[in-house]
Amino acid sequence: MGIDYVKEGKIATIILNRPEALNAITPEMLRQLSEAFVDFRDDEQLMVGIITGAGEKAFSIGADIETMLPEMKKARVQKLPEPPTIMCGLTTWKPLIAAINGACLGGGLELALACDLRIASENATFGMPEVTLGLIPGWGGTQRLPRAIPLAKAEEMLLTGRPINAQEAYRVGLVNRVVPLPQLMSAARQLAELLCKPAPLAVRAAKQAILQGIEVTLEDGIALERQLNDSLLTTEDFEEGCRAAIEKRRPAFKGK
Ligand code: CAA
């Protein structure tokens with residue numbers, strides 16, 4: 001029970017491993033998730049992360065109601081810090097893929113929304129049921145969902161708490177693709193390998209430009225793009241990428 005964190009070459013996989021409770025996130029799991037994200041961000045060998053849930057029923061159905069929500073209440077009342085995660089407080093420009101293997105609700109959907117790409121199995125469902133508990137999302141859901149899908153659909157999900165299925169999630173652009181459950185992890189892995197091919201510093205700069213750029217004016221966003229582009233123009237990988245293109249061979253990027 002908890003979080004499994006596995007590194008294979010350039011790819012790290014984080015597994016929410018509490019299938020008997022539909023991978024509901026306990027305080028201990030949140031701490032372990034935080035540690036895994038810090039390691040993923042800082043490990044120079046790692047380029048891409050995949051996040052998934054154990055079992056065939058759920059990615060995660062969110063905060064554990066019996067343990068996580070009381071802890072959250074205590075922490076917020078006492079103004080104690082929460083372990084930093086990609087949902088709140090921790091930023092990584094390395095790309096993250098959510099491989100969504102079933103119910104993806106509340107904090108589970110917030111975790112998936114904090115990833116860059118989302119692949120869903122055909123049995124996946126997506127929802128923000130917090131209002132049915134007398135709450136609203138607490139890990140960025142009200143902010144990231146309307147940035148990810150059309151506003152009317154985001155409001156419908158956030159105000160009613162009713163879930164949508166994988167096909168609808170695909171239709172509204174919440175997920176990049178839908179695959180049969182047995183193919184989920186191989187599809188995620190293929191995508192991760194694809195993300196390992198381009199120059200890593202360029203991939204990270206693209207993510208940074210996109211995510212910081214949507215928060216600012218177009219003019220400031222273009223200035224940010226220029227600044228990031230300028231820093232890439234002086235990298236060894238840029239030289240290598242151009243040389244390889246001219247020599248019609250695969251580039252050997254070093255992340256420098
Ligand atoms: N926390 C802890 N346990 C949960 C849980 C949760 N959030 N949701 C479900 N479970 C448990 C159930 O108690 C049950 O345990 P037992 O087998 O020991 O009784 C087990 O998971 C399976 O649940 P169900 O029997 O209800 O299974 P189901 O297939 O009929 O329904 C479900 C599945 C649709 C996910 C339903 O359980 C459900 O709607 N759960 C609530 C999910 C929810 O409200 N999530 C939001 C949490 S708040 C949050 O995440 C806030 C935030 O922003 C951080």
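Numbering of ligands and ligand atoms starts at 1, following listing order. Just so you know, residue 1 is the first one in the sequence shown, and it goes up from there. What you are looking at is a predicted structure, and each value in this text was computed from that prediction instead of being measured. As a basis for the values below, the full set of heavy atoms in this structure was taken, side chains included, without hydrogen atoms, waters or symmetry mates.
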**Message:** Applying side-chain hydrogen bond (donor to acceptor under 3.5 Å, both in side chains), can you list everything that pairs with D237, at least two apart in sequence or on another chain?
**Reply:** none
**Message:** Would you compute the distance between atom CD1 of I149 and atom CD1 of I164 and round it to the nearest 0.5 angstrom?
**Reply:** 6.0 Å
**For R76, side-chain hydrogen bond (donor to acceptor under 3.5 Å, both in side chains) partners two or more places apart** = E82
**Asked** What residues come within 4.0 Å of ligand 1, counting heavy atoms only?
**Response** L22, A24, I61, G62, A63, D64, I65, M72, L105, G106, G107, E110, P129, E130, L133, P137, G138, W139
**Prompt:** Got a sec, which residues hit side-chain hydrogen bond (donor to acceptor under 3.5 Å, both in side chains) with R249, two or more places apart in sequence or on another chain?
**Reply:** E240, E247
**Message:** Ignoring hydrogens, what is the shortest heavy-atom contact between V216 and G221? Give both atom names and the distance.
**Reply:** CG2-N, 3.5 Å
**Prompt:** Among N176, T52, I51, L195, which residue meets the side chain to side chain contact (heavy atoms under 4.5 Å, CB included) test with I97?
**Reply:** L195
